[in-house]
Amino acid sequence: MPAAAAQRLLIAGCSLDSAPSKATATSVLKLVHALGFVQVDSISAVERAHHLIIHSRLDGYRPRHLTSHTETSRALFEHWTHDASLIRSDWLPWWTRRFERDRGRFLKSTWMRQRLGRNWSRTVRGVIGAIGSSGPMSVRDVHEVMPARRSPGGGWWEWSPCKAALEYLWRVGEVAVHSRRGFEKVYDLAHRVHGQMPSMPTRESHIEWACSEALQRLGTATPREIAAFLGAVSPTEATAWCDRAARDGKIDSVLLERRGREVRAGFAVIGWKQRAERMRVDSTPRLLSPFDPLIRDRARLLELFGFDYRFEAYMPAPKRTYGYYTMPVLVGERLVGRLDLVTDRAAGVLRVDRAWEEAGASRAQAMRFAKAAADRLAAQLEVRLDWRAGRRP
C-alpha cells in the first residue's frame with residue numbers, strides 16, 4: 001500500500017474528505033459518531049480542542065451544539081480513550097471492561113494511593129456519600145463538605161485526597177461527569193447520569209469491537225496503531241486479532257510503504273485500493289487542532305504526510321521552534337503550513353503572529369491557503385482576524 005493511499009484513507013476516516021456542512025445538533029452528533037470520539041484538552045489559547053475538531057469539519061458550529069449532547073440528551077459521555085474524550089454513548093457498554101481494569105490498576109498505583117492518603121477507603125466512601133446525598137458536585141463543592149480532606153498544596157499535580165477520590169471514582173465508573181462549569185468537571189453518581197449501567201461484554205467481543213472500530217477509521221495500520229487508537233486493548237491483543245481477522249478474510253494483510261521507513265507488515269480494510277481511488281478529497285483550507293485525530297499520532301503523521309509536528313505548549317519558551325499553540329493547515333491531501341496563533345478574547349480577535357510554509361509548497365500559495373483557513377476559523381469563533389504573519393521566522 002503506497003503512503004498516498006493510506007493518507008487518503010486516514011483523511012476519510014477522520015471525516016476530512018468532504019466539504020464542511022452546516023452545524024446543527026444533529027450534524028454534530030453524526031460527526032462524533034463517525035469519529036467515535038473527540039479529545040478534550042484544557043488549553044484554550046485558541047479554543048478548546050473538542051470545539052476546534054468540530055470547527056474544522058462543520059460551518060457555523062457553536063459549543064452549545066455539543067453541550068446539548070453531553071448535558072441534556074446524554075448522547076455523548078466523557079471518559080478516557082487514549083486521553084480524555086467525549087464519546088458516543090452507545091459505546092458505553094464497552095467501557096465497563098475499562099472500569100474494571102482501572103479499578104485494580106489505580107489501587108495498585110503508588111502515585112494514586114499517596115494522593116488518596118492513608119485513610120483512602122474512608123475518603124472514597126465520604127466523597128461518594130456526599131454526591132449521593134447532595135447531588136452533582138465539583139471538587140470545590142466536595143471540599144466545602146469535607147474541609148479536612150483538602151490538600152495543603154496548590155499545584156495541578158498536588159491533588160487533594162478528595163480530587164484523587166473523584167478521579168478514581170470516575171475512572172472506575174462509579175461516578176460520571178454530569179456537566180461542566182466553564183472547564184471544571186461536575187460529577188454525579190453514574191446511574192443518575194447514564195441510567196442503569198450495562199453488563200460487561202466478553203473479553204473476545206471487546207477486542208473485536210475495539211480493533212474493528214479502530215481499523216475502520218484508520219483505513220490501514222499496524223497492530224500497535226490499532227491498539228493505540230482507543231487505548232482499550234494491548235498491542236499483543238491487537239496483533240492476535242489482526243492475524244485472525246486476516247485469516248478469516250475480514251481484513252487485508254498489506255505491506256505498508258511509509259516515508260523514511262522500510263516496508264513493513266500491516267493491515268487494511270477490505271477494498272482499500274478501490275476506496276482510496278474513488279475518494280474525491282475536499283480542498284477547503286482548514287486549521288487542525290494539535291489534538292485532531294488526523295495528527296495526534298505524530299510518528300504516523302510524519303510517515304504519511306512528511307509533516308514533523310510537536311506540540312510545544314508544555315516546553316519552555318526558549319526551546320520552542322514554532323510557538324505555544326501552532327496549528328497545521330490542511331488543504332485537500334496536503335499539510336501546506338502551520339500558524340502560530342492565539343485568540344485575544346478581550347479584543348475580539350484571532351491573532352496570527354507567524355506562519356510557515358512546508359517544504360515543497362510555495363510561500364505565496366501556502367500563505368493564501370493559511371490566511372483562508374485562519375479567516376474561516378475566525379468566522380467560526382465569531383471574532384475578526386488579525387493577521388501579523390508578514391515575515392519569515
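We use all heavy atoms of the structure for the numbers below, so side chains are in, but hydrogens, waters and symmetry mates are not.
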Chemist: Begin from the C-alpha positions of R62 and E382 and carry the test salt bridge (Lys or Arg N to Asp or Glu O under 4.0 Å) through to its verdict.
Modeler: CA-CA 10 Å; R62 300 294 177 261; E382 297 184 287; 3.3 Å; yes
Chemist: Mark yes or no: R113 above the aromatic ring of W111, with NZ or CZ under 6.0 Å from the six-membered ring centre and no more than 45 degrees from the axis.
Modeler: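 Pair R113/W111 does not count as cation-pi.
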Chemist: Between H51 and Y61, is the gap from one ring center to the other below 6.0 Å?
Modeler: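 They qualify: ring centres under 6.0 Å apart.
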Chemist: Side chains of M315 and T321: does their closest heavy-atom pair fall under 4.5 Å?
Modeler: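 No, their side chains stay 4.5 Å or more apart.
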Chemist: Check each of W80, W94, F229 against F37 using the ring-ring contact (aromatic ring centres under 6.0 Å, His included) test, and report the only one that passes.
Modeler: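 Per the ring-ring contact (aromatic ring centres under 6.0 Å, His included) rule, the option paired with F37 is F229, out of W80, W94, F229.
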Chemist: Applying a strict under-4.5 Å side-chain criterion to I, L, V, M, F, W and Y, I'd like to know whether L341 and V349 cluster together.
Modeler: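 As far as the 4.5 Å side-chain criterion goes, V349 and L341 are not connected within one cluster.
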Chemist: Evaluate the salt bridge (Lys or Arg N to Asp or Glu O under 4.0 Å) criterion for residues R258 and E303: first the C-alpha distance (whole Å), next the side-chain angles of each, then the deciding distance (0.1 Å), finally the verdict.
Modeler: CA-CA 5 Å; R258 292 192 177 178; E303 293 172 7; 3.2 Å; yes
Chemist: What about F311 and F291, are their ring centers closer than 6.0 Å?
Modeler: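 Yes: the rings meet the under 6.0 Å criterion.
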Chemist: Between M1 and W272, is any pair of side-chain heavy atoms under 4.5 Å apart?
Modeler: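 In contact.
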Chemist: Does H194 have any ring pair (Phe, Tyr, Trp, His ring centres under 6.0 Å) partners at least two apart in sequence or in another chain, and if so, which?
Modeler: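 So H194 forms a ring pair (Phe, Tyr, Trp, His ring centres under 6.0 Å) with F77.
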Chemist: Give a yes or no on whether I54 and I87 share a hydrophobic cluster (residues Ile, Leu, Val, Met, Phe, Trp, Tyr; joining criterion: side-chain heavy atoms under 4.5 Å apart).
Modeler: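 Looking at the clustering, I87 is in a separate group from I54.
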Chemist: List the steps and the verdict of side-chain hydrogen bond (donor to acceptor under 3.5 Å, both in side chains) for T67 and T70.
Modeler: CA-CA 5 Å; T67 303; T70 57; 4.8 Å; no
